[in-house]
Amino acid sequence: TSALLETENVHLYYGEKEALKGINIDFKPNTINALIGPSGCGKSTYLRCLNRMNDLISGVKITGTFNFKGTDIYAPDVNLVTLRTEIGMVFQQPNPFPFSVYDNVAYGLRLNQHPSKTELDEKIEKALKKAAVWDEVKDDLNKNAMAFSGGQQQRICIARLLAVSPDIILLDEPTSALDPISSGEIEATLMQLKSTYTIIIVTHNLQQASRISDTTSFMLNGELIETGQTSKLFVTP
Ligand code: ADP
Ligand code: ADP
């Protein structure tokens with residue numbers, strides 16, 4: 001299969017500081033791709049390039065090729081709202097909006113379309129089921145999303161993305177704020193989601209990368225040191 005997203009020779013400068021020094025990684029459909037490396041090596045910076053979150057920071061200069069389904073995501077006519085729907089992001093700290101579970105998951109659907117109540121109900125149930133949190137929230141859809149556990153909040157945030165049908169899900173250390181059980185639930189959810197989506201996950205956890213990812217890219221000091229199939233990169237005793 002050919003790549004869904006190809007990045008070539010990516011350089012990023014924060015002012016004078018070169019934080020990415022020529023990164024080349026391709027992402028194939030229906031795969032989980034881990035980005036690992038020590039703190040400060042540029043993992044989050046690279047991830048944020050993939051849906052143009054770095055555009056928000058002043059003094060940032062980005063060069064290189066970003067080809068998503070045959071189009072350049074840095075082309076001047078790209079609609080950033082559409083791009084961030086197609087390539088959605090989940091953060092380290094779960095960040096549900098401070099309103100009900102229902103309204104959280106409905107958010108993007110209401111922005112882009114004018115769905116009927118029935119349509120909305122269906123899509124919300126479907127998204128929460130895909131994010132494997134439906135059983136835990138179905139009796140409390142009107143409860144504030146922030147009242148749930150960290151792991152549940154993270155899966156509600158994943159459902160919020162899934163509701164608008166992304167192609168790619170970016171996750172920046174999505175389990176590092178969670179306990180091991182909630183973390184395992186997120187990993188299991190991601191394993192299920194890869195049949196439909198392409199997943200790119202920043203993690204500092206080597207075991208996590210080896211458990212769930214198809215490919216792993218190692219970064220060090222803004223450079224890509226190694227990238228390839230996880231099963232070949234990790235030698236299991
Ligand atoms: P990682 O995700 O691997 O921990 P980051 O991408 O957060 O690394 O950071 C890479 C480097 O860029 C670090 O040296 C960090 O201090 C620097 N950096 C990150 N964000 C900014 C910013 N907004 N402005 C300036 N420097 C930044
Ligand atoms: P992460 O935990 O994802 O590696 P960091 O802790 O490096 O992220 O950064 C947290 C936030 O602070 C990010 O928004 C990042 O852009 C910003 N940041 C990091 N380093 C710097 C820096 N040297 N100057 C300005 N902002 C920075």
Side-chain angles (χ1 to χ4, degrees), residues 1-57 59-69 72-74 87-93 167-178 180 183-184 186-187 190-191 193-194 197-237:
T1 14
S2 61
L4 180 64
L5 174 65
E6 294 169 326
T7 70
E8 219 178 285
N9 202 22
V10 174
H11 291 258
L12 182 142
Y13 298 83
Y14 290 116
E16 298 290 300
K17 185 193 157 68
E18 187 175 16
L20 299 176
K21 304 172 181 172
I23 308 291
N24 304 286
I25 313 178
D26 290 349
F27 303 98
K28 290 184 173 161
N30 307 112
T31 52
I32 298 181
N33 306 273
L35 304 176
I36 67 178
S39 186
C41 71
K43 304 180 295 295
S44 301
T45 295
Y46 174 72
L47 193 75
R48 290 195 301 257
C49 287
L50 304 180
N51 74 347
R52 294 187 55 177
M53 296 285 283
N54 287 322
D55 287 22
L56 302 169
I57 305 169
V60 167
K61 187 175 162 234
I62 302 165
T63 63
T65 309
F66 297 85
N67 187 323
F68 171 54
K69 295 196 292 189
D72 170 11
I73 68 171
Y74 281 82
I87 308 180
M89 173 102 67
V90 174
F91 299 90
Q92 179 172 357
Q93 294 295 334
D167 291 308
I168 300 179
I169 304 168
L170 310 176
L171 303 108
D172 195 348
E173 305 213 8
T175 64
S176 56
L178 304 178
S183 187
I186 299 284
E187 289 182 12
L190 297 179
M191 299 288 277
L193 291 177
K194 85 167 181 176
Y197 308 95
T198 299
I199 295 168
I200 306 173
I201 177 171
V202 164
T203 176
H204 59 257
N205 184 331
L206 283 167
Q207 277 86 25
Q208 179 169 71
S210 72
R211 273 195 299 271
I212 68 171
S213 72
D214 298 293
T215 78
T216 299
S217 299
F218 293 89
M219 290 178 66
L220 186 63
N221 191 23
E223 293 182 62
L224 179 66
I225 299 301
E226 180 88 81
T227 182
Q229 270 185 326
T230 301
S231 58
K232 292 186 178 150
L233 292 174
F234 288 89
V235 180
T236 31

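Computed from heavy atoms alone, side chains included, the values below leave out hydrogens, waters and symmetry copies.
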**Asked** Are the side chains of N205 and S176 in touch, meaning some heavy atoms are under 4.5 Å apart?
**Response** no

**Item:** Residues which pass side chain to side chain donor-acceptor pair (under 3.5 Å) with K17, listed by chain and number, not counting sequence neighbours
**Value:** none

**Asked** Could you state the interatomic distance from CD1 (I36) to CG (L220), rounded to the nearest 0.5 Å?
**Response** 11.5 Å

**Item:** Closest heavy-atom pair and its distance - S183, L178
**Value:** N-CB, 4.3 Å

**Item:** Side chain T216, main chain T230, donor-acceptor under 3.5 Å
**Value:** no

**Asked** Quick one: side chain to side chain donor-acceptor pair (under 3.5 Å) partners of K61, sequence neighbours excluded?
**Response** none

**Message:** Is it the case that the side chain of T203 and the backbone of A209 share a donor-acceptor pair, with hydrogens and angles ignored and the cut-off at 3.5 Å?
**Reply:** no

**Fill in**
Per side-chain contact (heavy atoms from CB on, under 4.5 Å), I87 is matched among D167, L170, L4 by L170

**Item:** Check: G228 main-chain N/O paired with T215 side-chain donor or acceptor under 3.5 Å
**Value:** no

**Prompt:** What's the spacing between Q229 CD and T31 OG1 if we round to 0.5 Å?
**Reply:** 11.0 Å

**Message:** Return the CD to NZ distance between E226 and K232, rounded to the nearest 0.5 Å.
**Reply:** 12.0 Å

**Prompt:** Is a side-chain donor or acceptor of Y46 paired with a backbone partner of L12 at a separation under 3.5 angstrom?
**Reply:** no

**Complete:** Of all heavy-atom pairs linking Y74 and C49, the shortest is OH-O, 2.8 Å

**Fill in**
OG1 of T175 to CD1 of I186, rounded to nearest 0.5 Å, is 7.5 Å

**Request:** Evaluate side-chain contact (heavy atoms from CB on, under 4.5 Å) for L206 paired with F218, printing each intermediate quantity in order.
**Result:** CA-CA 10 Å; L206 283 167; F218 293 89; 4.1 Å; yes

**Item:** N24 vs N9 side-chain heavy atoms within contact, under 4.5 Å
**Value:** yes

**Prompt:** Is there a donor-acceptor pair closer than 3.5 Å between any side-chain N or O of K43 and the backbone N or O of G37?
**Reply:** yes

**Pairwise side-chain contact, I200 with L5, heavy-atom cut-off 4.5 Å (strictly under)** = yes

**Complete:** Output for pair (L193 CG, I32 CD1), nearest 0.5 Å, gives 8.0 Å

**Item:** Pairwise side-chain contact, M89 with L47, heavy-atom cut-off 4.5 Å (strictly under)
**Value:** yes

**Item:** Reported CG-to-NE2 distance for the pair L20 and H11, which is rounded to 0.5 angstrom
**Value:** 9.0 Å

**Item:** Side-chain donor or acceptor of K21 paired with backbone N/O of N221 under 3.5 Å
**Value:** yes

**Prompt:** Below 4.5 Å, heavy atoms only, C-beta onward: do I25 and N33 meet side chain to side chain?
**Reply:** no

**Item:** Note, Q92 side chain near V202 side chain (heavy atom, < 4.5 Å)
**Value:** no

**Salt bridge K28-D214, side-chain N to carboxylate O under 4.0 Å** = no

**Asked** Counting only N and O atoms by type, is there a donor-acceptor contact under 3.5 Å from the side chain of N67 to the main-chain atoms of E6?
**Response** no

**Prompt:** Taking side chain as C-beta onward, heavy atoms only, is I168 less than 4.5 Å from Y197?
**Reply:** no

**Item:** Shortest non-hydrogen separation from I23 to G222 and the atoms involved
**Value:** CD1-O, 3.4 Å

